[in-house]
Structures are given as structure tokens and as C-alpha cells.
Asks: 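My structure is below; once you've seen it, I'll send some questions.
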Amino acid sequence: RRNAAENIGLAKGQLEAQQEQSSALLVQLQARQQRLTDLQQQIHSKNAAYTQKQTEIQRLTQRMDGGQQETKKLRLHADEVGEQLFAVQADVRAVQAQLESLHQRERHVGDDVRSAQQRTGQEQQAQQSMQDELEHLRRSIKQAELEHKTRHDAAQEAGLALHAARNAHQKLKSELTDSENRVRMLTELQRDYEGFSRAVKLVMNQASSGALKGVRGPLSSLIHVSDRYVTAVETALGAAAANIIVECAEDGKKAIQMLKRRDGGRATFLPMDTIRPQSLRETGLEHQAGFCGVAADLVECEADYRDIVDNALGRTVVAENMDSALAIARQYRNRFRIVTRDGQLINAGGSMTGGSAGRSSGILSRANQLEQWQEKVRVQRKKLQEISEQGRDLADRVRDAEQETEQTAVQLRELQQKLAALSAQTKQHQLLLDSVRQTEQQFRAEQETAGKQKQQLQDQLEALQLQTEQLEQQRGQALEDLAKA
């Protein structure tokens with residue numbers, strides 16, 4: 001068994017070796033068959049090439065028969081192409097010459113265009129400067145016109161104000177004259193003691209001349225009462241308003257003796273050393289409706305005359321109206337006098353005096369009127385002085401405004417003249433600018449024409465150069481063909 005197995009294994013090995021050898025022989029056989037196929041193809045190709053060479057030899061043999069005629073044709077063709085080439089080359093040189101001339105012309109035209117463009121820019125800048133100056137002048141004129149109108153209006157306004165001030169001055173001066181005449185009249189009346197009795201006038205004249213000493217004057221001329229209560233106080237004083245205040249009883253005695261001696265009439269004298277004040281001792285008066293005050297308290301005077309005023313008016317009450325006076329009289333059982341603001345009188349004891357009276361007809365009213373007119377004169381004089389100063393200021397303003405108006409008018413005329421001159425200059429320069437622009441446009445048109453001509457010549461040159469190249473190729477081919485022939 002062991003030998004049989006070994007024999008089987010050996011047989012298998014031999015069999016495998018034979019199979020490998022058979023595969024190798026098969027590969028060699030296939031390679032030789034491919035080689036055979038390739039050799040057959042090469043043989044076929046060689047046969048085809050041989051056949052082609054034979055055909056070419058036959059064709060060359062046929063061509064050799066007409067070789068001389070072909071050579072002549074080739075030579076004639078070469079000469080003809082050479083002549084054409086010479087002519088085209090001549091055309092090329094002519095076109096190149098034209099191009100060079102056109103180049104020079106284009107350079108000159110370009111210089112002209114740049115020069116014209118520069119000139120146009122300069123003239124445009126100059127024109128713009130003129131336009132700017134024109135606009136500036138127009139604005140200046142507008143401002144000057146406004147300034148002139150303002151000055152003119154100011155002058156007119158000042159003139160109207162001056163005219164109004166002069167009218168006011170004239171009117172006020174006339175009013176002042178009237179007021180001064182009124183003051184003068186009232187002063188003369190007061191100085192002459194108009195409205196007083198002959199006796200009072202005589203006493204006062206003697207006192208003024210120095211014949212009588214210690215005479216101070218009538219009571220009404222030595223006190224002051226506001227307009228609100230002047231009628232009431234005048235009514236309360238009555239005839240006592242003309243009583244003459246003297247320094248002492250002796251002075252009163254001398255005055256009476258003088259009147260008696262000169263038959264000057266009668267007068268009442270109020271010695272300052274003997275007259276004693278009177279006063280009301282009633283209470284609650286200030287709470288009564290319509291109560292204005294005690295008459296003496298409503299009077300202003302120097303301290304030396306206060307006792308006399310209190311004596312004359314210390315027991316007299318001033319009431320707002322008759323109803324108030326009657327109510328107060330009933331309340332206090334008619335123990336004192338009551339006078340209303342409009343001059344109605346309720347005497348102590350109950351008797352009543354009243355009616356109508358001339359307004360401001362009393363001596364106290366006249367004194368108040370004098371003060372009022374004197375104050376009015378003072379105010380009018382002050383106002384007249386203010387108006388005079390205002391008039392002088394306005395006259396200066398008018399003069400200055402007229403001068404300024406004239407100055408602005410001169411400036412305005414100068415600006416208008418400058419505007420007219422510059423406008424004419426600008427129009428002339430605009431014509432120059434238009435001419436320069438037209439020249440520039442002509443140069444640009446010429447430059448454009450030259451550019452088009454240059455392009456046409458370049459296109460023509462390129463066509464000629466292409467034709468030259470073609471002819472040179474044709475000539476070269478013809479010479480080559482001739483050489484081969």
C-alpha cells in the first residue's frame with residue numbers, strides 16, 4: 001500500500017509537469033501564429049508600396065514628356081507675379097508716404113487742437129470770471145438799491161418826524177404863550193389882590209411899600225388846598241379868606257388906624273400872638289360814611305400859621321355830599337359846621353346854606369389855578385426844550401440821512417455804470433469765445449477727417465501688405481516650381 005500511494009503521488013506530479021509544459025507550448029504556438037500573421041501583413045504592405053511605386057514611375061515618365069512646356073509656363077508665371085509684386089510694392093511705398101504726410105498733418109492739427117482747446121479754456125475761464133463779476137455787481141447793486149431805499153426811507157421818515165416836531169414845537173410854543181399869558185394874568189391878579197376888598201388892597205399896598213410892618217397877607221394867600229377840597233374850604237372860610245394875618249395885635253391896630261385915617265374901608269386882622277386854635281373833640285367821626293376830614297387838616301400851610309388855620313377851620317367837617325353831611329349832623333346833633341365838597345354848608349345849630357356857585361371863582365381856586373398853570377408852564381417849557389433838542393437831533397438825522405442817501409445814490413450810479421460797461425465787455429468777449437470755440441471745432445473736425453483718412457490708408461496699406469505677402473508666396477512657389485522643373 002505504501003508503494004502504491006507513492007506511485008500515485010509520483011504520477012500526479014508527472015501529470016502536472018506535463019500540463020505545465022503543454023501550456024507553455026500552447027503560448028509559443030500562439031505567438032508564432034501572431035508572428036506569421038504580422039509577416040503576412042508586411043508582405044501585403046510591401047506589395048502595395050511596390051505597386052504604388054510602379055504607378056508613380058509611370059506617371060513621372062508621362063510628366064517628363066511635357067516638362068519643357070511646363071517650365072516655360074512656370075517661368076512666365078514667375079515673371080508675371082514678380083511684376084505684380086513690384087507694382088504692389090510701389091503702391092505700398094506710395095501709401096506709406098501718404099501715411100507719413102498724414103501723420104505730420106495729424107500732429108500739426110493735434111497741436112492746433114490743443115492750442116485751441118487751451119485758448120478756449122482760458123477764454124471760458126475769463127468769461128466765467130466776467131460772469132461771476134457781473135453776478136457780484138448785480139448783488140452789489142441790489143444791496144446798494146436796498147441800502148439807498150433804506151437811507152431814502154430813513155431820510156423821509158426823519159423829515160416827516162422833523163416836520164411833525166416843528167409842528168409840535170410851534171403848537172406847544174403857542175400853547176406855552178397862552179399858558180404864560182394865563183400865568184401872567186393870574187400873577188397880576190394875585191399881585192394886585194384882585195377879588196379882595198379895597199381895604200385889603202390898601203393894607204397890602206402899604207405893607208409892600210414898607211409903611212406897615214408885620215403884615216403877612218390875607219389868609220387865603222398863605223394856605224394851600226388840593227383841588228378836591230378847595231371849594232369846601234373856600235365855602236367854610238367865606239369872608240374869613242380875606243382876613244389879614246399880622247404878626248401881633250399892635251400891627252393890626254396900626255393897620256386899622258391907617259384905614260381909618262385914609263377912609264380905606266374895613267378889614268379883619270388875625271394877630272398871630274393872640275389867635276388860639278380850635279378843634280373838635282367829637283369821637284368816631286372818621287367812621288362816619290362820607291367823612292372826608294376836618295377842614296383844618298385838609299389845608300397845607302407854614303407852621304407859623306397853623307394856629308390861625310385851626311382857629312378858622314378846626315371845628316368844620318368836610319363831607320363827601322349833602323346826604324353824608326345831613327347824616328353826620330343828625331348823628332352829632334348839629335354841634336359843629338359841616339361843608340360838602342361841592343360847597344353846601346350846614347351850620348352849627350342846623351341852618352343850611354347852599355346853591356350854585358361859579359366854578360373856580362374863589363381866591364383859593366385862583367391860587368390853585370396859578371399853581372397849576374405855573375406847573376403847566378414848567379412842563380410845557382421842559383417839553384418844548386425836549387422837542388427843540390429832538391428837532392435839532394432830527395435835523396441832524398435828516399442832514400446825515402440826506403448825505404448818506406446821496407452817497408448811496410452815487411455808489412449805486414457807479415455800480416450801474418460798471419455793470420453796463422462789464423455787460424458790454426462780457427458780450428464782446430462772448431463773441432470772441434464763440435469764435436475760439438468755432439475754431440476749435442474746425443480743428444477737431446479736421447483732426448477727425450485726418451483720423452478717418454489715416455484709418456483708410458492703414459486699411460489700404462494692410463491690404464497691400466497682405467497682397468504683397470501673397471504675391472511673394474506665389475512668386476516663391478513659382479520659382480520653387482521652376483527650380484524643380
Side-chain angles (χ1 to χ4, degrees), residues 189-190 193-201 217-245 265-270 275-301 305-370 372:
L189 291 175
Q190 191 171 22
Y193 295 98
E194 190 67 30
F196 290 94
S197 66
R198 183 168 61 91
V200 174
K201 292 180 180 179
L219 174 60
S220 61
S221 65
L222 298 176
I223 64 176
H224 178 269
V225 183
S226 67
D227 288 340
R228 179 176 176 81
Y229 303 114
V230 66
T231 301
V233 172
E234 279 185 338
T235 302
L237 286 174
N243 292 348
I244 300 172
I245 298 176
R266 297 173 63 84
T268 300
F269 296 90
L270 303 173
I275 300 297
R276 295 292 176 263
Q278 296 185 44
S279 61
L280 283 173
R281 299 184 183 278
E282 309 293 342
T283 60
L285 279 171
E286 64 276 7
H287 301 300
Q288 297 298 316
F291 174 78
C292 297
V294 177
D297 296 337
L298 302 176
V299 173
E300 298 176 6
C301 65
Y305 310 133
R306 176 47 63 184
D307 288 347
I308 293 175
V309 171
D310 288 344
N311 178 270
L313 299 172
R315 290 188 58 79
T316 300
V317 170
V318 177
E320 188 67 33
N321 50 49
M322 195 62 170
D323 292 336
S324 300
L326 288 172
I328 294 172
R330 284 193 296 269
Q331 180 70 27
Y332 290 93
R333 299 181 181 280
N334 296 309
R335 288 193 295 271
F336 48 83
R337 284 197 311 169
I338 304 173
V339 62
T340 64
R341 281 184 54 231
D342 62 352
Q344 314 306 317
L345 184 65
I346 300 177
N347 297 299
S351 63
M352 302 168 64
T353 303
S356 64
R359 182 173 176 82
S360 302
S361 60
I363 296 171
L364 281 176
S365 299
R366 187 173 66 197
N368 281 2
Q369 287 181 4
L370 178 59
Q372 292 171 359

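Computed from a predicted model, the values in this text were never measured in an experiment. We count residues from 1, following the sequence as given.
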Asks: T268: which residues meet the side chain to side chain contact (heavy atoms under 4.5 Å, CB included) condition with it, sequence neighbours left out?
Replies: N243
Asks: Assess whether side-chain contact (heavy atoms from CB on, under 4.5 Å) is satisfied between L326 and M352, documenting all intermediate values.
Replies: CA-CA 10 Å; L326 288 172; M352 302 168 64; 4.1 Å; yes
Asks: My understanding is that only residues two or more places apart in sequence, or in another chain, count here; which of them pass side chain to side chain donor-acceptor pair (under 3.5 Å) with N321?
Replies: S324
Asks: Quick one: list whatever passes side chain to side chain donor-acceptor pair (under 3.5 Å) with S351, sequence neighbours left out.
Replies: N347
Asks: Atom CD1 of I245 and atom CG of D307: how far apart are they, to the nearest 0.5 Å?
Replies: 10.5 Å
Asks: Considering all heavy atoms of both residues, which atom of A325 and which atom of T340 are nearest to each other, and what is their separation?
Replies: CB-CG2, 3.9 Å
Asks: To the closest 0.5 Å, what do you measure between NE2 (H224) and CG (L222)?
Replies: 13.0 Å
Asks: Just to verify, what does D310 make a salt bridge (charged side-chain N to carboxylate O under 4.0 Å, His left out) with, not counting sequence neighbours?
Replies: R306
Asks: Do you know which two heavy atoms are closest between V309 and L219, and how far apart they sit?
Replies: CG2-CD1, 4.3 Å
Asks: Applying the side-chain contact (heavy atoms from CB on, under 4.5 Å) test to I346, which of T353, N334, V339 qualifies?
Replies: N334
Asks: Return each pair, listed once, that meets salt bridge (Lys or Arg N to Asp or Glu O under 4.0 Å) where at least one residue sits in residues 336-351; pairs must be two or more places apart or across chains.
Replies: E320-R341
Asks: Please identify each residue that fulfils side chain to side chain contact (heavy atoms under 4.5 Å, CB included) with S220, with sequence neighbours left out.
Replies: F196, P218, A241, I363, L364
Asks: Looking at I328 and A319, what are the two nearest heavy atoms and their distance?
Replies: CD1-CB, 4.4 Å
Asks: Nearest 0.5 Å, what's the CZ-CD1 distance between F291 and I338?
Replies: 9.5 Å
Asks: Going by heavy atoms in the side chains, are Q331 and L285 under 4.5 Å from each other?
Replies: no
Asks: List the residues meeting side chain to side chain contact (heavy atoms under 4.5 Å, CB included) with A295, not counting sequence neighbours, and say none if there are none.
Replies: L313, T316, V318
Asks: Could you pull out all residues at least two apart from Y332 that satisfy ring pair (Phe, Tyr, Trp, His ring centres under 6.0 Å)?
Replies: F336
Asks: Grab the two heavy atoms, one from I223 and one from C301, that are nearest each other, plus how far apart they are.
Replies: CG2-CB, 3.9 Å
Asks: Could you tell me which residues satisfy salt bridge (charged side-chain N to carboxylate O under 4.0 Å, His left out) with R198, sequence neighbours excluded, listed by chain and number?
Replies: none
Asks: Before giving the answer on side-chain contact (heavy atoms from CB on, under 4.5 Å), spell out for L237 and V299 the whole-Å C-alpha distance, their side-chain angles and the decisive distance to 0.1 Å.
Replies: CA-CA 12 Å; L237 286 174; V299 173; over 6 Å; no
Asks: Can you list everything that forms a salt bridge (charged side-chain N to carboxylate O under 4.0 Å, His left out) with E282? Sequence neighbours excluded, please.
Replies: R335
Asks: Going by side chain to side chain donor-acceptor pair (under 3.5 Å), name the residues that satisfy it together with Y305, two or more places apart in sequence or in a different chain.
Replies: R216
Asks: Can you sort out the partners of S197 under side chain to side chain donor-acceptor pair (under 3.5 Å), two or more places apart, ordered by chain and number?
Replies: none
